[in-house]
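Notes for the one structure printed next.
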Amino acid sequence: ESLVRDAVKRVFGESTHLELIFRQATQLTLPENAQVVVPPTLVPEAVLKPEDPHAEFTFDNFVVGGSNRLAHAFAMEVAEGKWRKPVLFVAQTGSGKTHLLRATLRAFLQRGDVTARYTTAEAFCNDFGDALRVEKDVEMPRFRKKYREPDLLAIDGAHFFSKKDGFSRQLLLTMEEREDRGLPLLLSSTKNPPGMKISPELMRRLEAASCAIDPPDEEVRVGIVLQFAGRLGLKLGTEWAKLIADRTTSFGEIQSGLNR
């Protein structure tokens, strides 16, 4: 309680009065043979399976508004198997692009009998470098299979390919083969393709696939504030949520402020 009061005072000033209303907790009794599963930390790259407990990022808890509606629609199309071309979400940090990537993978896997891989651009580059250094004839086919065969591939942080000609060439080849086979590719980046130092061909491909996510507008920020406050067990009115939303610009700022 004191942590929440301190956070509010830092945002609104020492004279602010805050009244907290707590709901009575429900006692939960587990059977003797029940197992409590603690979700592991999501590693940079992983072939996700439906039973993997990476459920934090879903469409249900993704707040949709004017700033991200088009990107959300594209993500839904990919998750439902209706869009099979590359999509690049371009947005500043804290705008929800990584959430959307992972939510799409989760929803895609719920269709059953499909595979999906999430990785970062840095991990992709490291994997390619390792394939070149260790038994190239064996490791390169493994590398190609790893990234070109999953039914859905998501690469987070595509701006990392800037100024890395050999690695970005592999991304281009991966894009081309996946598109030829009708396998969707999701990417995210904090930079627009023209702002990356990559080959003209890759830039054209990424630019054609680009879908911008604008900084969260008030509608989205208020929704995020209310949602995150709910996770903390706080009953926050809409007016308070608007006040907090007016003083923040990203999900990270909202989460940091309410966590303190």
Side-chain angles (χ1 to χ4, degrees), residues 42-49 52 54 71 74-75 77-79 81 83-93 97-106 108-109 114-213:
L42 182 64
V43 294
E45 57 176 322
V47 176
L48 301 181
K49 300 177 182 178
D52 283 355
H54 304 310
F74 264 117
E77 290 283 299
V78 172
W83 187 265
R84 296 182 173 274
K85 295 182 179 181
V87 178
L88 170 67
F89 296 131
V90 181
Q92 67 180 28
T93 301
K97 58 187 180 301
T98 296
H99 185 141
L100 206 51
L101 245 65
R102 294 178 180 176
T104 304
L105 263 70
R106 297 299 304 171
F108 184 84
L109 286 166
V114 291
T115 58
R117 179 174 294 279
Y118 168 86
T119 189
T120 63
E122 183 175 5
F124 179 97
C125 292
N126 289 339
D127 209 11
F128 175 61
D130 291 342
L132 291 178
R133 285 191 293 270
V134 183
E135 296 186 60
K136 181 178 178 180
D137 293 341
V138 175
E139 291 301 313
M140 279 305 299
R142 180 198 63 80
F143 172 84
R144 287 191 287 267
K145 180 178 180 179
K146 183 175 182 177
Y147 293 108
R148 301 183 189 183
E149 293 191 4
D151 297 308
L152 174 60
L153 174 65
I155 301 179
D156 210 352
H159 49 272
F160 186 81
F161 288 104
S162 185
K163 300 181 182 179
K164 298 176 177 65
D165 293 341
F167 300 107
S168 60
R169 174 65 180 168
Q170 281 304 311
L171 174 62
L172 177 61
L173 294 174
T174 299
M175 289 180 69
E176 290 176 342
E177 182 168 336
R178 291 187 64 83
E179 192 166 0
D180 288 344
R181 297 171 62 182
L183 298 175
L185 169 64
L186 284 177
L187 306 105
S188 75
S189 174
T190 57
K191 292 182 179 180
N192 283 303
M196 302 183 202
K197 294 186 177 180
I198 51 179
S199 69
E201 186 177 0
L202 180 58
M203 185 186 71
R204 285 194 298 269
R205 288 245 177 190
L206 290 178
E207 197 167 17
S210 293
C211 178
I213 301 177

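As the structure is a computational prediction, the values presented were derived from the model and not from experiment.
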Is a donor on one side and an acceptor on the other found under 3.5 Å between the side chain of Asp151 and the backbone of Thr115? yes

Are any of the side-chain heavy atoms of Val78 and Leu152 separated by less than 4.5 Å? yes

Verdict with reasoning, Glu207 to Arg204, per salt bridge (Lys or Arg N to Asp or Glu O under 4.0 Å): CA-CA 5 Å; Glu207 197 167 17; Arg204 285 194 298 269; over 6 Å; no

With sequence neighbours excluded, what pairs up with Ala79 under the side chain to side chain contact (heavy atoms under 4.5 Å, CB included) test? Phe59, Thr104, Ala107

Minimum heavy-atom distance between Ala209 and Pro86, given as atom pair plus value: CB-O, 3.3 Å

Would you give the length of the straight line joining atom CE of Met196 to atom CE of Met203, rounded to the nearest 0.5 angstrom? 10.5 Å

Between Ile198 and Pro193, what is the shortest heavy-atom contact and its length? CD1-O, 4.3 Å

Hey, mind stepping through Leu153 and Leu186 against side chain to side chain contact (heavy atoms under 4.5 Å, CB included) and telling me if it holds? CA-CA 6 Å; Leu153 174 65; Leu186 284 177; over 6 Å; no

Over 12 foreign heavy atoms within 6.0 Å of NZ, Lys191: no

Can you tell me how far apart NZ (Lys146) and CG (Asp127) are? Round to the nearest 0.5 Å. 3.5 Å

Checking side chain to side chain contact (heavy atoms under 4.5 Å, CB included) for the pair Ser189/Leu88: CA distance, chi angles, key distance, verdict? CA-CA 7 Å; Ser189 174; Leu88 170 67; 3.9 Å; yes

Take Phe161 and Phe124 through the test ring-ring contact (aromatic ring centres under 6.0 Å, His included) and record every step on the way to the result. CA-CA 10 Å; Phe161 288 104; Phe124 179 97; 5.6 Å; yes

Can you pull out every side-chain hydrogen bond (donor to acceptor under 3.5 Å, both in side chains) where at least one residue sits in residues 152-162? Sequence neighbours excluded, please. Thr98-Asp156, Tyr118-Asp156, Asp156-Ser188, His159-Thr190

Heavy-atom pair with the smallest gap, counting every atom of Met140 and Ala131: SD-CB, 3.6 Å

I want to check something: taking the side chain as every heavy atom from C-beta on, are Val90 and Ile213 in contact at a cut-off of under 4.5 Å? no

Describe, in one word, how the ring planes of Phe143 and Phe128 are oriented to each other, choosing from parallel (under 30°), tilted (30 to 60°) and perpendicular (over 60°). tilted

Can you list, pair by pair, the side-chain donor-acceptor contacts under 3.5 Å of residues 169-184, counting residues two or more places apart and other chains?
| from | atom 1 | to | atom 2 | distance (Å) |
| --- | --- | --- | --- | --- |
| Gln170 | OE1 | Arg148 | NH2 | 3.4 |
| Thr174 | OG1 | Gln170 | O | 2.8 |
| Glu177 | OE1 | Arg148 | NH1 | 2.9 |
| Glu177 | OE2 | Arg181 | NH1 | 3.4 |
| Arg178 | NE | Pro184 | O | 3.3 |
| Arg178 | NH1 | Tyr147 | O | 3.2 |
| Arg178 | NH1 | Arg148 | O | 3.4 |
| Arg178 | NH1 | Pro150 | O | 2.9 |
| Arg178 | NH2 | Pro150 | O | 2.9 |
| Arg178 | NH2 | Pro184 | O | 2.8 |
| Glu179 | OE1 | Arg205 | NH1 | 2.8 |
| Arg181 | NH1 | Arg148 | O | 3.3 |

For residues Thr120 and Ile155, determine if any side-chain heavy atom of one lies less than 4.5 Å from a side-chain heavy atom of the other. no

Could you report the tightest heavy-atom contact between Cys125 and Phe167, atom names first, then the distance? O-CE2, 3.2 Å

